[in-house]
Amino acid sequence: MKINYTKIESSNIIGYHYDTAKKKLYIQFGNGREYEYSDVSLEELTQLLGAPSFGKKLREIIIPNKKCKEI
């Protein structure tokens, strides 16, 4: 599956893509690995995008709380 990521300012993350219909968040890290996080609400995405550090907020609210698989 080819994902069109939205690039972000981050030292460790290249970009993200959010599938509104499926509530899935896709993250591409600087090392090239890509992950899919399930059951991510639009509110949680808004918190990520509004945070001073996308990566820090990702580690706080998404990574420890959501199902994840490498893609």
Side-chain angles (χ1 to χ4, degrees):
M1 169 170 69
K2 175 68 176 150
I3 298 172
N4 292 320
Y5 290 98
T6 300
K7 294 188 184 273
I8 61 167
E9 294 275 334
S10 174
S11 60
N12 192 33
I13 299 168
I14 293 173
Y16 76 94
H17 175 76
Y18 183 68
D19 184 325
T20 307
K22 295 180 181 177
K23 292 187 171 183
K24 293 191 177 194
L25 176 65
Y26 300 89
I27 301 289
Q28 183 179 37
F29 287 90
N31 62 8
R33 290 186 167 178
E34 300 174 63
Y35 293 89
E36 172 191 287
Y37 297 91
S38 300
D39 297 317
V40 177
S41 71
L42 192 53
E43 180 182 320
E44 289 167 320
L45 176 65
T46 301
Q47 288 179 39
L48 283 174
L49 297 175
S53 171
F54 186 98
K56 182 177 180 184
K57 187 59 81 173
L58 182 74
R59 288 188 305 275
E60 286 176 6
I61 67 171
I62 303 297
I63 292 175
N65 300 308
K66 303 297 178 182
K67 285 188 178 180
C68 172
K69 71 176 184 178
E70 187 168 2
I71 54 174

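Values in this document were obtained by computation on a predicted structure and should not be read as measured data.
Among residues at least two apart or in separate chains, salt bridge (charged side-chain N to carboxylate O under 4.0 Å, His left out) pairs with a member in residues 13-24 are K24-E36.
Across F29, Y16, Y26, a single residue satisfies ring pair (Phe, Tyr, Trp, His ring centres under 6.0 Å) together with Y35, and that is F29. Of the listed residues (L49, L45, L48), just one forms a side-chain contact (heavy atoms from CB on, under 4.5 Å) with Y18, and that residue is L45.
To the nearest 0.5 Å, atoms NZ (K57) and CD1 (I63) are separated by 13.0 Å. The distance from the CG atom of D39 to the NZ atom of K67 is 7.5 Å, given to the nearest 0.5 Å. Here the CG-CD distance, from L58 to Q47, works out to 12.0 Å after rounding to the nearest 0.5 Å. The structure places OG of S41 at 10.5 Å from CG of L25, a figure rounded to the nearest 0.5 Å.
Listed by chain and number, the residues in a salt bridge (charged side-chain N to carboxylate O under 4.0 Å, His left out) with K56 amount to none (sequence neighbours excluded). Looking at residues two or more places apart in sequence or on another chain, you find a salt bridge (charged side-chain N to carboxylate O under 4.0 Å, His left out) between E70 and R33.
Y5 and I27 fall into different hydrophobic clusters, where Ile, Leu, Val, Met, Phe, Trp and Tyr residues are linked whenever their side-chain heavy atoms come under 4.5 Å apart, directly or through other members. I14 and I8 fall into different hydrophobic clusters, defined by Ile, Leu, Val, Met, Phe, Trp and Tyr side-chain heavy atoms under 4.5 Å apart, directly or through other members.
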Before giving the answer on side-chain contact (heavy atoms from CB on, under 4.5 Å), spell out for E44 and K66 the whole-Å C-alpha distance, their side-chain angles and the decisive distance to 0.1 Å. CA-CA 11 Å; E44 289 167 320; K66 303 297 178 182; 3.2 Å; yes

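When every heavy atom of N65 is checked against every heavy atom of E60, the shortest pair comes out as ND2-O, 3.8 Å.
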